[in-house]
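Naming: A, B, ... by sequence-line order, numbering from 1 per chain.
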Amino acid sequence: DGGITQSPKYLFRKEGQNVTLSCEQNLNHDAMYWYRQDPGQGLRLIYYSQIVNDFQKGDIAEGYSVSREKKESFPLTVTSAQKNPTAFYLCASTTASGNTIYFGEGSWLTVV
Amino acid sequence: KNQVEQSPQSLIILEGKNCTLQCNYTVSPFSNLRWYKQDTGRGPVSLTIMTFSENTKSNGRYTATLDADTKQSSLHITASQLSDSASYICVVSPMFSGGYNKLIFGAGTRLAVHP
């Protein structure tokens, strides 16, 4: 079955640590996105990529980094520069037309 | 500033009852408006998508309406079930968003259906 797979589902980060969230899709979608979700707030865009080897900052990119070496993969690294990383992270992908948007199941990141 | 505001923030209803969730937006012009259902700790799942020229769209017991003049949308849930307990998110896609899908998300309405 086609879809978006995020891993891990739960991740704990120690102070000063970088952690990487995985996002893989087998939908042959061109564009991929990372969103952050906090309680009581709408999803906020961290980074997006329309094609391989290209990505753009979203509204809250500070403290995060991404790569897009393969069409299927768009990993997100939460760096130690992100001072408040505890949140629910969602990966999404769309076709070139953007008419259909698919979300992964999300990853919970907690700072310990 | 483009905004999407949803009301109420949370809602409790009894199983079998109907309810209506509201979405007001200032995004203009926009290309489409979507409603998503998100179970706790899961990814959002699409319920309906309407272009700016559509007035209503149904998906089973879910019916979305759109009034582009007043910039309001509603999601009506008929004969609620316990499995309808979730957050419902309104999402607007601006027209001319620069070649990528820049979505504007509401904060969601958290619905709890009690037996």
Should [X] and [Y] be counted in the same cluster of Ile, Leu, Val, Met, Phe, Trp and Tyr side chains packed under 4.5 Å apart?
X	Y	result
Y10(A)	L21(A)	no
V112(A)	Y89(A)	no
W108(A)	F103(A)	yes
V113(B)	L47(B)	yes

Legend entry - Q38(B) portion near chain A, given a 4.5 angstrom heavy-atom threshold: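 For Q38(B), side-chain heavy atoms alone lie under 4.5 Å from chain A.
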Legend entry - Closest heavy-atom pair and its distance - G40(A), A107(B):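 Scanning both residues, the minimum pair turns out to be O-CB, 3.5 Å.
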Legend entry - Distance-minimising heavy-atom pair for L90(A) and R42(B):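 Distance-wise, the nearest heavy atoms are CD2-O, 4.5 Å.
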For atom [atom1] of [X], decide whether the heavy atoms of other residues, nucleotides or ligands shown that lie under 6.0 angstrom number more than 12.
X	atom1	answer
R36(A)	CZ	yes
Y64(A)	OH	yes
K9(A)	NZ	yes

Considering only heavy atoms, which portion of [X] lies under 4.5 Å from any heavy atom of chain B: side chain, backbone, both, or neither?
X	answer
D59(A)	side chain
Q37(A)	side chain
E105(A)	both
L43(A)	both

Inset, instruction - Find out whether L103(B) and Y35(A) are in side-chain contact, i.e. whether some heavy atom of one side chain is under 4.5 Å from a heavy atom of the other. - result: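 The answer is yes, as the side chains (C-beta and beyond) meet within the 4.5 Å cut-off.
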Legend entry - Euclidean distance, L45(A) CG relative to I104(B) CD1, rounded to 0.5 Å: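 Nearest 0.5 Å value for the CD1-CG distance: 11.0 Å.
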